[in-house]
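Here is the structure we will look at.
To find a chain, count down the sequence lines: A is the first, B the second, and so on, and within it residues start at 1. Since this is a predicted model, take the numbers as computed values, not measurements.
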2 protein chains.
Amino acid sequence: MDIKNAKAQMRKGVLEMCVLAVIAERETYPPEIVERLRGTNLFIVEGTLYPLLIRLKNDGLVDYIWREGSQGPPRKYFNITDTGRQFLQELTDSWQELVESVAQTLYGAADEKPASKKSSAKKTPPALNIEPMPPSGE
Amino acid sequence: MDIKNAKAQMRKGVLEMCVLAVIAERETYPPEIVERLRGTNLFIVEGTLYPLLIRLKNDGLVDYIWREGSQGPPRKYFNITDTGRQFLQELTDSWQELVESVAQTLYGAADEKPASKKSSAKKTPPALNIEPMPPSGE
DNA sequence: TGAAGGTACCTTGCAATACAAGGATACTTT
DNA sequence: AAAGTATCCTTGTATTGCAAGGTACCTTCA
């Protein structure tokens with residue numbers, strides 16, 4: 001369990017939102033998506049991007065159109081759909097919630113909602129016996 | 001691809017950091033970890049937590065001790081190790097970077113570093129031909 | 001006594017995603 | 001024609017979250 005892997009795991013599901021956001025900004029094609037995300041320290045590789053785009057397309061969140069340029073092979077230009085915009089909004093909302101929840105966990109509750117639900121006596125400190133190993137060993 | 005799954009994917013790798021943070025705060029045992037994370041809108045279930053704790057233990061990031069209480073079965077109380085604290089620091093640093101990168105992607109570059117690396121002509125808008133489908137169909 | 005319920009711990013199988021590695025096609029250059 | 005570049009795509013592996021289910025200890029109470 002190294003930091004590199006931990007970082008990769010943190011990005012799960014985030015890349016989908018970011019790729020969608022990049023496409024939402026303006027029509028673009030895969031290598032440019034890679035480039036633009038690298039500009040914000042979010043590195044994505046082809047092997048990740050293409051299956052992701054296929055998923056987005058299959059779910060109707062994006063659409064694409066082939067375009068030929070004056071040079072090189074034709075490109076697949078992606079656009080976001082209306083459904084995609086709605087979903088992107090939901091994603092960003094969920095992301096904000098997650099960021100806030102994590103902040104609360106990491107740095108303590110900024111402002112705990114005083115109207116809790118049912119548990120008010122919950123921070124009971126663990127002051128128990130100290131019997132090193134009760135059950136059978138592992 | 002629904003929002004529920006998207007949320008689940010976003011949490012990948014984040015739960016590890018949060019569980020470590022909860023343990024770092026003070027000695028605790030699994031059901032209490034579940035409870036404390038639920039207090040910050042981060043829901044984790046047993047089937048996720050126990051394998052995660054085993055991973056943390058195997059990597060030397062946490063340690064545990066059996067304690068018997070006055071009631072119920074004995075509990076496994078977890079503590080963070082020195083290695084664990086270092087790793088948690090790395091995790092939170094990585095998390096901060098990720099949050100900033102995502103913010104930049106979603107809401108545009110807050111303050112783009114003017115000293116770019118090598119590409120200054122990158123925002124070329126895609127104004128090309130419009131030939132609907134050049135290659136073979138899909 | 002012994003049966004039921006609560007608490008705590010743990011495992012198995014499935015689904016989803018990031019990534020490394022490699023391959024295919026179209027176009028350009030030498 | 002051969003080599004190089006840009007673009008698109010697939011396959012296999014590793015990791016993780018989760019639902020579902022199982023085991024063990026302890027308490028209660030008929």
What residues, two or more places apart in sequence or in another chain, satisfy side chain to side chain donor-acceptor pair (under 3.5 Å) together with [X]?
X	result
A:Q96	B:Y107
B:S101	none
A:Q89	A:D93

Salt bridge A:R55-A:E16, side-chain N to carboxylate O under 4.0 Å:
no
Less than 4.0 Å between a side-chain N and a carboxylate O, is that true for B:E32 and B:R26?
yes
What nucleotide, of [options], holds the atom closest to the side chain of [X]?
X	options	value
A:W66	D:dC8, C:dC19, D:dT15	D:dC8
B:Q9	D:dC8, C:dT17, C:dC9	C:dT17
B:I54	D:dT16, D:dC9, C:dT11	C:dT11
B:K12	C:dC19, D:dT16, D:dC8	D:dT16
B:V45	D:dA19, D:dT10, C:dA18	D:dA19
B:K76	C:dC9, C:dA18, D:dG17	C:dC9

Please write out the pairs of protein N or O atoms and N or O atoms of nucleotides 26-29 of chain D separated by less than 3.5 Å, giving the distance to one decimal.
none

Between [atom2] of [N] and [atom1] of [X], the distance in whole Å:
X	N	atom1	atom2	value
B:I3	C:dA16	CD1	P	15 Å
A:R75	C:dC27	CZ	C1'	12 Å
B:L52	C:dC10	CG	P	13 Å
B:F78	C:dC10	CZ	C1'	11 Å
B:F43	D:dA19	CZ	P	12 Å
A:L20	C:dT17	CG	P	13 Å
A:L56	D:dC9	CG	C1'	16 Å
A:K7	C:dC19	NZ	C1'	16 Å

Taking the nucleotide of DNA chain D with the nearest heavy atom to each, does A:P51 or B:R11 sit closer to the 5' end?
A:P51
With a 3.5 Å cut-off and just heavy-atom distances, do the side chain of A:E46 and the base of D:dC9 make a donor-acceptor pair?
yes
Can you see if the side chain of [X] gets near the phosphate of [N] - specifically, an N or O under 4.0 Å from OP1 or OP2?
X	N	result
A:R55	C:dA18	yes
B:Y50	C:dT11	no
A:N5	D:dT16	yes

Can you sort out the partners of B:V99 under side-chain contact (heavy atoms from CB on, under 4.5 Å), two or more places apart, ordered by chain and number?
A:W95, A:V99, B:W95
For B:S94 and A:K7, indicate whether the former's side chain and the latter's backbone hold a donor-acceptor pair under 3.5 Å.
no
Excluding sequence neighbours, so at least two apart, what forms salt bridge (Lys or Arg N to Asp or Glu O under 4.0 Å) with A:R85?
none
